[in-house]
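Report on one structure; see the data block that follows.
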Amino acid sequence: MTSDQPLLELRNLSYSLPGKNSRLLDTVNFRISNERIGLIGPNGCGKTTLFQIIMGLLKASEGEVLLEGKTMTGEKDFRMLRSKLGFLFQDSDDQLFSPTVLEDVAFGPLNHGATPDEARTLSIRTLEQLGLNGFEDRITHRLSGGEKKLVALATILSMRPKLLLLDEPSNNLDPATRERLINILRGLDQAHIIISHDLDFLASTCTRLYTIQDRQLIRCKQKQVHSHEHIHPYGDQPHQHGT
Amino acid sequence: MTSDQPLLELRNLSYSLPGKNSRLLDTVNFRISNERIGLIGPNGCGKTTLFQIIMGLLKASEGEVLLEGKTMTGEKDFRMLRSKLGFLFQDSDDQLFSPTVLEDVAFGPLNHGATPDEARTLSIRTLEQLGLNGFEDRITHRLSGGEKKLVALATILSMRPKLLLLDEPSNNLDPATRERLINILRGLDQAHIIISHDLDFLASTCTRLYTIQDRQLIRCKQKQVHSHEHIHPYGDQPHQHGT
Amino acid sequence: MIDEPFASGSTLFHKRDTRVKLVGAAAISLVLALCSSFLVAVTGCIITAMMLILSKPDLKLVSKRIIGVNIFTFFIWLTLPLTYGGSETLTFSMFNLSMDGIRLAALITVKTNGIFFCILALLATSTTASLGHGLEKLGFPKKLCFLLLFSYRQLFVINQEYHRLLRAAKLRGFSPANTMHTYRTYSHLFGMTLVKSWNRAERVHQAMLLRGFNGRLIPLNQSPPGKADYFFLIIMLLISLFLAGLSLFCYNSL
Amino acid sequence: MHISEGILSAPVLAGGAVLTTLGTAVGLKKLDYDRIMTVSLFSAAFFVASLIHVPVGPGSVHLLLGGLLGIILGWGAFPAIVVALALQTIFFQYGGMIVLGVNGFTIAGPAVLCGLIFRPWLKGSRKQQMIAGFLAGFFAMFLSALLIGAALYLSDRGFLRAAGLLLVSHLPVMIIEGLITMFVVTFLAKVQPEILSLNN
Ligand SMILES: Nc1ncnc2c1ncn2[C@@H]1O[C@H](COP(=O)(O)OP(=O)(O)OP(=O)(O)O)[C@@H](O)[C@H]1O
Ligand SMILES: Nc1ncnc2c1ncn2[C@@H]1O[C@H](COP(=O)(O)OP(=O)(O)OP(=O)(O)O)[C@@H](O)[C@H]1O
Ligand SMILES: [Mg+2]
Ligand SMILES: [Mg+2]
């Protein structure tokens with residue numbers, strides 16, 4: 001692997017929703033090696049769709065996904081890709097399907113050939129890394145929303161991915177868990193792409209921002225000072241401005 | 001009903017989460033007659049919980065809910081209250097369950113004793129009022145997120161409520177639908193309370209703002225100019241600041 | 001709500017390996033289910049009741065569950081004395097009650113409740129998750145065990161989804177009655193729950209694919225049963241043997 | 001509709017266990033791992049349905065919806081129902097371990113049979129779909145009650161009249177099952193026909 005070969009590359013990627021003519025994504029080009037990237041954009045602009053295409057869950061109408069310089073073609077390629085990229089879903093209930101936490105975290109390593117003992121050790125270590133000591137035998141469905149999110153992250157980290165794709169990880173987290181997640185993400189070695197509407201969260205965890213505009217993935221200008229000024233009270237309450 | 005009797009009143013309302021000692025809401029007092037009120041506050045502060053208490057879905061640990069001066073005590077009282085207050089859920093998927101739009105919108109009137117013909121006429125009129133002409137026979141489940149939100153609003157408006165409780169109605173709406181919703185809300189006669197993180201949305205649809213602070217419902221000082229200034233790009237993208 | 005209220009605790013029943021408890025429960029249930037003498041049924045029932053007490057359950061909950069379990073027994077008490085027939089009868093004003101019917105209903109009641117106590121003491125003291133794994137280790141088909149474990153995990157999600165929809169219907173003035181509207185509404189609520197389950201299944205399957213699932217489910221190892229577990233198993237088997245022996249003795253002396 | 005533990009005779013219990021084992025084996029064999037999540041979720045949904053009270057006359061009944069599951073899952077309904085029954089035993093102690101064989105067969109057997117018989121009708125008009133739904137719901141329940149009666153009768157001839165009473169008293173429930181199955185089937189056909197595999 002030459003040094004200028006990105007970990008992941010998208011080349012002229014286009015995607016149309018099934019049954020629609022207009023494109024959701026149009027000739028997207030993108031590369032990432034070890035950056036920490038934030039992805040922001042209005043609802044329905046295709047952020048989640050982009051992640052699904054990268055993971056091979058949706059098929060691009062045109063263009064290519066390249067991992068370490070190699071074009072992914074069939075299901076077999078994507079299976080290999082999936083062992084190197086971790087995708088955190090928007091809804092943790094979709095991602096956690098085993099009855100206990102340990103089984104869920106060990107599921108990935110087991111499928112990738114770890115022995116049950118290795119998988120167990122690796123999973124316990126991953127849980128500890130996220131401050132989830134003693135969670136092994138907890139029943140998944142009884143966890144709180146924030147705990148579920150962290151366990152879902154553990155199920156991905158236990159596969160030792162090289163790149164993380166996180167879909168709105170800070171959604172519906174209480175302030176304390178959100179803070180904890182920020183610290184965890186800052187402490188990880190992996191590159192990541194984070195979809196979020198929460199700019200402060202992105203500012204604390206990413207070094208570059210992208211957005212989807214006019215069906216294109218666009219790099220945002222860096223460090224552009226921006227200020228809202230509006231007549232409203234309790235401006236220190238967290239809030240959001242519409243488009 | 002004397003003129004100084006509010007439509008809805010909360011008296012010394014307190015609420016603790018089941019199994020926890022600390023209170024989420026503590027001696028909340030509030031009255032509304034025909035105002036348009038916005039409610040803002042950080043995630044998990046108890047906004048949705050407050051709505052659920054008002055609708056009798058959760059039971060307050062202490063205090064009273066009064067409708068038109070009458071204290072609501074049993075399930076029977078709250079059933080009456082529910083015919084006068086409309087509650088729009090945060091997630092429209094939890095609210096819509098009929099196969100077609102018309103059936104969903106007609107469901108409330110039918111339960112309240114309208115004949116099928118009356119219910120149909122009323123529902124079609126409500127749909128027209130929201131600009132959803134021709135949506136009658138669409139399959140609810142297959143609507144887009146924004147359309148679902150508007151239909152969910154229609155299912156409530158068709159019951160001719162006196163007060164609307166809207167839980168994050170502008171969430172996950174694309175800009176055009178959001179604009180349309182603002183116009184719809186401005187055109188309605190009813191009083192309403194809107195939970196939102198989107199201050200611009202609240203500014204366009206409400207005349208007063210409240211927040212939950214230190215477990216209390218507090219009126220925000222009016223028209224307090226506030227400005228954020230942060231170093232981040234694409235500040236014109238919709239975004240949200242965490243707590 | 002669905003819950004596992006008896007599974008948390010730290011009595012000797014909670015601490016035992018689920019495999020051992022499954023085998024013990026099956027053995028005792030089998031002997032009790034097949035016995036036909038009052039002596040055995042009552043002895044068994046007393047033993048299982050003592051087991052239940054040792055597992056320190058919430059007695060209020062137990063009494064609630066007893067009602068549920070005895071609905072069928074209630075039906076039998078309602079019908080058998082009147083319909084069973086036989087030569088001996090007990091005449092109550094206008095009714096002729098069959099003595100055989102009453103005897104059978106009483107026997108069934110003792111047996112049903114004895115087995116209920118046994119299940120409560122042995123199975124309800126484990127979480128469903130560990131029971132599923134126990135079954136797998138005991139050689140039940142893997143697919144079936146995973147089906148059990150996955151259903152168990154999804155149960156709560158689906159139940160919640162259904163109840164959120166039901167709540168929406170109630171907020172719009174729905175109150176159940178004997179009408180077509182009611183049946184249609186329940187169908188729509190449940191139909192929508194099925195639709196959501198189906199779509200969720202797709203997403204969960206994707207989640208499995210993303211973690212390298214390729215059509216083979218690999219279980220994690222469980223620690224093997226310890227000495228105390230084997231000792232416990234022997235006691236359970238001895239109880240079953242004792243009851244079986246008593247059963248044979250009663251049968252022969254008839 | 002469960003038979004509780006401690007009522008049936010040894011041959012009947014053994015027969016039920018054998019039949020359920022066979023049915024489950026066939027169901028599992030036809031079930032590949034790609035569909036295991038779908039079947040799991042429907043098994044869970046079947047469990048949830050059994051908690052739904054629907055008013056009938058002055059009282060209320062629990063739904064069973066075996067016919068519906070048979071229509072949707074075919075042979076897959078067999079393991080799905082057995083699993084749901086096992087979960088009920090664990091959660092509520094309804095039924096039991098030994099009688100699970102009989103309970104499994106009395107519910108899953110008719111479910112699969114009705115599914116196989118009425119499923120082809122769903123390809124027809126809306127009216128045919130409604131009729132197929134009603135009949136599947138009605139007959140699955142009817143056959144279940146019949147099998148339960150048979151299990152009782154075979155265990156002890158003295159149960160004959162009680163079994164008859166059981167069958168008759170469940171007639172209204174069968175009609176409700178039929179109606180609900182009918183409405184759910186038409187709902188699915190309209191909203192997400194893929195579930196009934198009507199689209200491929
Ligand atoms: N299965 C589908 N069938 C048809 N349209 C779909 C489907 N899934 C998504 N869409 C549409 O595709 C568009 C992009 O969806 P996507 O989920 O990628 O948006 P997003 O940027 O992630 O939005 P959000 O911020 O709300 O998560 C949306 O307009 C959505 O309505
Ligand atoms: N069923 C529950 N059991 C335990 N805790 C709960 C439950 N439902 C909500 N909570 C907790 O209650 C608190 C208040 O929740 P609520 O949904 O009212 O917040 P909110 O202000 O609406 O937040 P958001 O802006 O995220 O919608 C949260 O901390 C939440 O975690
Ligand atoms: Mg998304
Ligand atoms: Mg809320």
Side-chain angles (χ1 to χ4, degrees), chain C residues 2 4 25-26 29-30 32-34 65 68-69 72-73 76 79-80 83-85 100-101 104 108 111-112 115-116 119-120 123-124 128 131 141 143-144 146-148 150-152 154-155 158-159 162 176-178 182-184 186-188 190-191 193-195 197-198 200-201 204-205 208 215, chain D residues 2-8 10 13 24 28 31-34 36-45 47-49 51-52 54-57 63 79-80 83-84 86-87 89-94 96-99 156 158-162 165-166 176 179-180 183-184 187-188 191-192 194-195:
Chain C
I2 321 167
E4 297 166 294
S29 298
L30 185 65
L32 273 181
L34 296 183
R65 291 287 168 88
V69 167
F72 203 90
T73 337
I76 282 181
T79 52
L80 275 195
T83 62
Y84 194 81
D100 284 342
L104 184 59
I108 286 174
K111 284 164 70 176
T112 298
I115 296 172
F116 164 66
I119 301 270
L120 215 48
L123 297 193
T128 308
L131 285 173
K143 261 190 216 168
L144 191 67
F146 277 105
L147 209 53
L148 181 85
F150 289 145
S151 309
Y152 163 71
Q154 300 297 339
L155 208 69
I158 293 179
N159 193 45
Y162 172 75
N178 281 298
T182 298
Y183 302 136
R184 193 183 295 113
Y186 275 115
S187 306
H188 289 170
F190 187 68
T193 309
L194 283 181
V195 167
S197 308
W198 194 79
R200 187 179 288 279
V204 178
H205 183 67
M208 295 174 77
Chain D
H2 291 88
I3 305 183
S4 41
E5 201 85 270
I7 294 171
L8 301 177
L13 288 171
T24 309
L28 287 178
L31 168 66
D32 57 25
Y33 273 116
D34 281 342
I36 199 166
M37 257 310 149
T38 314
V39 176
S40 299
L41 273 141
F42 279 128
S43 177
F47 182 102
V48 170
L51 300 177
I52 301 176
V54 175
V56 175
L63 292 179
V83 161
L87 287 172
T89 303
I90 297 169
F91 277 101
F92 310 119
Q93 292 80 45
Y94 292 164
M97 294 172 88
I98 308 300
V99 78
D156 188 324
F159 272 118
L160 181 60
R161 287 162 72 191
L165 262 174
L166 188 85
I176 303 298
L179 288 174
I180 300 242
F183 286 131
V184 175
F187 180 93
L188 294 179
V191 172
Q192 190 119 39
E194 298 93 321
I195 298 182

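We name chains A, B, ... by the order of the sequence lines, and we start the count at 1 in each one. Atoms considered below: every heavy atom in the structure, side chains included; atoms not considered: hydrogens, waters and symmetry mates.
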Checklist outcome for this item: Turns out that what part of C:Y186 lies under 4.5 Å from chain D's heavy atoms comes down to side chain
Next on the checklist: I'd like to know which of C:L194, C:D100, C:L104, C:T79 tops the heavy-atom pair count under 4.5 Å against chain D.
Outcome noted: C:L194
Checklist outcome for this item: Most heavy-atom pairs under 4.5 Å with chain D, out of C:K143, C:E4, C:R200, C:Q154, belong to C:K143
Item to check | From OG1 (C:T73) to CD (D:E5), nearest 0.5 Å | outcome: 12.0 Å
Checklist entry - What's the verdict on side-chain contact (heavy atoms from CB on, under 4.5 Å) for D:F91 and C:L155, showing C-alpha distance, side-chain angles and the deciding distance? => result CA-CA 12 Å; D:F91 277 101; C:L155 208 69; 3.8 Å; yes
Checklist entry - Say you draw a straight line from OG1 of C:T128 to CD1 of D:I90; how long is it, rounded to the nearest 0.5 Å? => result 5.0 Å
Checklist outcome for this item: Most contact-rich option vs chain C, by heavy-atom pairs under 4.5 angstrom, among D:D34, D:V54, D:T24, D:L87, is D:D34
Checklist entry - Which pair of non-hydrogen atoms, one from C:Y183 and one from D:P55, has the smallest distance, and what is that distance? => result OH-O, 2.9 Å
Checklist entry - In terms of heavy-atom proximity below 4.5 Å to chain D, should C:I115 be classed as side chain, backbone, both, or neither? => result side chain
Next on the checklist: Under a 3.5 Å distance rule, please check whether C:Y84 uses its side chain to pair with a backbone N or O of D:R161 as donor and acceptor.
Outcome noted: no
Next on the checklist: Between D:L8 and chain C, with a heavy-atom cut-off of 4.5 Å, which part of the residue counts as in contact: side chain, backbone, both or neither?
Outcome noted: backbone
Item to check | Set of side chain to side chain contact (heavy atoms under 4.5 Å, CB included) partners for C:R65, sequence neighbours left out | outcome: C:P5, C:F6, C:F116, D:F92, D:Q93
Item to check | Interatomic spacing from CH2 in C:W198 to CG in D:L188 - rounded to 0.5 Å | outcome: 10.5 Å
Checklist entry - Which heavy-atom pair separates C:L147 from D:S40 by the least distance, and what is that distance? => result CD1-OG, 3.4 Å
Next on the checklist: Under 4.5 Å from any heavy atom of chain D, what part of C:L131 do you find: side chain, backbone, both or neither?
Outcome noted: side chain
Checklist entry - Quick one: of D:I195, D:V184, D:T38, D:V39, who has the most non-hydrogen atom pairs under 4.5 Å with chain C? => result D:I195
Next on the checklist: If I measure from the heavy atoms of chain C, does D:I98 come under 4.5 Å with its side chain, its backbone, both, or neither?
Outcome noted: side chain
Checklist entry - For C:A25, is it the side chain, the backbone, both or neither that has a heavy atom under 4.5 Å from a heavy atom of chain D? => result both
Checklist entry - Checking heavy atoms, do the side chain of C:P141, its backbone, both or neither come under 4.5 Å from chain D? => result side chain
Checklist entry - Can you list the residues that meet the side chain to side chain donor-acceptor pair (under 3.5 Å) rule with D:Y94, with sequence neighbours excluded? => result none
Item to check | Derivation and outcome, side-chain contact (heavy atoms from CB on, under 4.5 Å), residues C:L34 and D:L13 | outcome: CA-CA 9 Å; C:L34 296 183; D:L13 288 171; 3.9 Å; yes
Checklist entry - D:V191, D:L165, D:I176: which one forms the most heavy-atom pairs within less than 4.5 Å of chain C? => result D:I176
Item to check | Nearest-0.5 Å distance, CZ of residue D:F159 to CG of residue C:L80 | outcome: 5.0 Å
Checklist entry - Checking D:F187 against chain C: side chain, backbone, both or neither under 4.5 Å from a heavy atom? => result side chain
Next on the checklist: At a 4.5 Å cut-off on heavy atoms, which part of C:Y162 comes close to chain D: side chain, backbone, both, or neither?
Outcome noted: side chain
Checklist entry - Do you know the tightest heavy-atom contact between C:S151 and D:V83? => result OG-CG1, 3.7 Å
Item to check | Heavy-atom proximity to chain D below 4.5 Å, by part of C:F190 | outcome: side chain
Checklist entry - Hey, which of D:D156, D:V99, D:L31, D:D32 has the most heavy atom pairs under 4.5 Å with chain C? => result D:D156
Checklist entry - Under a 4.5 Å heavy-atom cut-off, does chain D meet the side chain of C:L123, its backbone, both or neither? => result side chain
Item to check | C:N159 CG to D:L51 CG distance, which is reported to the nearest 0.5 Å | outcome: 6.0 Å
Checklist outcome for this item: So, the part of D:L160 with a heavy atom under 4.5 Å from chain C: the answer is neither
Next on the checklist: Nearest 0.5 Å, please: how far is CD1 in D:I52 from OG1 in C:T193?
Outcome noted: 6.5 Å
